[in-house]
Amino acid sequence: MRLALFQPDIPQNVGACIRLSACFGVDLHVIEPVGFRFDDRAMKRAALDYGPLSHMTRHVDWDAFQRDRPPGRLVLFTTRGAARLDHFVFQPGDTLLFGKETAGAPEHVHAAADARVVIPLRPEARSLNLSVTAGMALWEGLRQTGRLG
């Protein structure tokens, strides 16, 4: 199981996902372009000293990610998801993909996904923070596949 971020805008979210990657021992894929510089202090502050424990791969664009990603399903987390998180069955080889904070995932990314998952919220709430969603999804995926520490 691995995490992937599609063109993230907010360095703190990438930093938090670096921590998720390190703490749970999963790979993190960042699909560029991103909305910040990777030496951004905010990202470093969010990641703290977890960087060396994380395995992050940067992909120059969507096509490079699609070409280079490991085998397994591409599971997109989106407010337009078809399956609820609490009903979705994960597989060990899944890549959990999260769209851009400001715009979500474009149609070509939706079309490439093998599954689209939503975390149900109150009707008046728009969405959760990207790194919060990634943490919830990753924990559930690892729990279901027996990979929690």
Side-chain angles (χ1 to χ4, degrees), residues 1-40 42-44 46-47 50-51 54-145 147:
M1 190 159 301
R2 63 201 65 84
L3 294 174
L5 309 179
F6 179 82
Q7 300 180 352
D9 287 323
I10 301 173
Q12 295 91 333
N13 283 330
V14 176
C17 287
I18 288 171
R19 291 177 75 172
L20 284 172
S21 167
C23 290
F24 288 108
V26 300
D27 292 344
L28 172 63
H29 295 263
V30 177
I31 303 157
E32 298 185 15
V34 298
F36 56 90
R37 292 186 0 216
F38 265 91
D39 63 351
D40 189 299
M43 185 183 74
K44 288 181 179 178
Y50 287 91
S54 174
H55 184 264
M56 181 176 71
T57 302
R58 292 168 57 185
H59 302 273
V60 67
D61 59 23
W62 174 253
D63 292 335
F65 169 72
Q66 283 290 77
R67 181 186 65 241
D68 298 339
R69 74 178 173 93
R73 297 184 306 177
L74 190 60
V75 180
L76 177 62
F77 283 79
T78 172
T79 57
R80 299 186 299 160
R84 290 171 46 121
L85 175 61
D86 55 329
H87 298 159
F88 188 74
V89 178
F90 290 92
Q91 297 173 4
D94 287 345
T95 296
L96 311 183
L97 177 62
F98 303 87
K100 187 178 210 172
E101 296 97 324
T102 56
E107 288 306 317
H108 70 277
V109 173
H110 275 263
D114 297 299
R116 294 182 308 140
V117 177
V118 63
I119 295 175
L121 306 175
R122 294 171 51 186
E124 60 273 16
R126 187 169 39 100
S127 64
L128 289 168
N129 172 275
L130 179 139
S131 58
V132 169
T133 303
M136 292 170 68
L138 180 61
W139 190 90
E140 178 60 15
L142 293 174
R143 183 192 71 78
Q144 283 187 22
T145 59
R147 290 196 51 218

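None of these values were measured; they are calculated from a predicted model.
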Between [atom1] on residue [X] and [atom2] on residue [Y], distance to nearest 0.5 Å:
{"X": "Leu121", "Y": "Arg126", "atom1": "CG", "atom2": "CZ", "value": "11.0 Å"}
{"X": "Arg69", "Y": "Asp27", "atom1": "CZ", "atom2": "CG", "value": "13.5 Å"}
{"X": "Leu138", "Y": "Cys17", "atom1": "CG", "atom2": "SG", "value": "9.0 Å"}
{"X": "Gln66", "Y": "His108", "atom1": "CD", "atom2": "NE2", "value": "8.5 Å"}
{"X": "Ile31", "Y": "Leu97", "atom1": "CD1", "atom2": "CG", "value": "5.5 Å"}

Can you check side chain to side chain contact (heavy atoms under 4.5 Å, CB included) on Leu128 and Met136, steps first, answer last? CA-CA 10 Å; Leu128 289 168; Met136 292 170 68; 3.9 Å; yes
Show the nearest heavy-atom pair for residues Trp62 and Ala112, with the distance to one decimal.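 Heavy atoms only, the tightest pair is CZ2-CB, 3.7 Å.
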So which heavy atom on Thr79 is nearest to which on Ser127, and how close?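 Taking every non-hydrogen atom into account, CG2-CB, 4.2 Å.
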Taking only residues two or more places apart in sequence, or in another chain, which ones meet Arg122 in a salt bridge (Lys or Arg N to Asp or Glu O under 4.0 Å)?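 Partners of Arg122 by the salt bridge (Lys or Arg N to Asp or Glu O under 4.0 Å) criterion, ordered by chain and then number, come out as Glu124.
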Yes or no on side chain to side chain contact (heavy atoms under 4.5 Å, CB included) for Val26 and Leu142, after CA distance, side-chain angles and deciding distance? CA-CA 10 Å; Val26 300; Leu142 293 174; 4.3 Å; yes
For a side chain to side chain contact (heavy atoms under 4.5 Å, CB included) check, start with the C-alpha distance between His59 and Asp68, then their side-chain angles and the critical distance, and finish with the verdict. CA-CA 8 Å; His59 302 273; Asp68 298 339; 4.1 Å; yes
Side-chain donor-acceptor contacts of residues 1-11 below 3.5 Å, not counting sequence neighbours, with atom names and distances?
residue: Arg2; atom: NH1; partner: Gly93; partner atom: O; Å: 2.8
residue: Arg2; atom: NH1; partner: Thr95; partner atom: OG1; Å: 2.8
residue: Asp9; atom: OD2; partner: Thr102; partner atom: OG1; Å: 2.5

Residue pairs involving [range] (criterion salt bridge (charged side-chain N to carboxylate O under 4.0 Å, His left out); sequence neighbours excluded):
{"range": "residues 88-99", "answer": "Arg73-Asp94"}
{"range": "residues 105-119", "answer": "Arg80-Glu107"}
{"range": "residues 54-65", "answer": "Glu32-Arg58"}
{"range": "residues 132-143", "answer": "Glu140-Arg143"}

Quiz: residues 85-92 side-chain donor-acceptor pairs under 3.5 angstrom, not counting sequence neighbours:
residue: Asp86; atom: OD1; partner: Arg84; partner atom: NE; Å: 3.0
residue: Asp86; atom: OD1; partner: Arg84; partner atom: NH2; Å: 3.4
residue: Asp86; atom: OD2; partner: Arg84; partner atom: NH2; Å: 2.9

Apply side-chain contact (heavy atoms from CB on, under 4.5 Å) to Val60 and list each qualifying residue two or more places apart in sequence or on a separate chain.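 For Val60, the residues satisfying side-chain contact (heavy atoms from CB on, under 4.5 Å) (neighbours in sequence not counted) are Ala64.
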Side-chain contact test, heavy atoms from C-beta onward, threshold under 4.5 Å: evaluate it for Thr133 versus Ile119 and give yes or no.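 Result yes, sub-4.5 Å side-chain heavy-atom pair found.
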pair Val14-Phe36: side-chain heavy atoms closer than 4.5 Å: yes
Side chain to side chain contact (heavy atoms under 4.5 Å, CB included) evaluation trace for Leu76 with Val117: CA-CA 6 Å; Leu76 177 62; Val117 177; over 6 Å; no
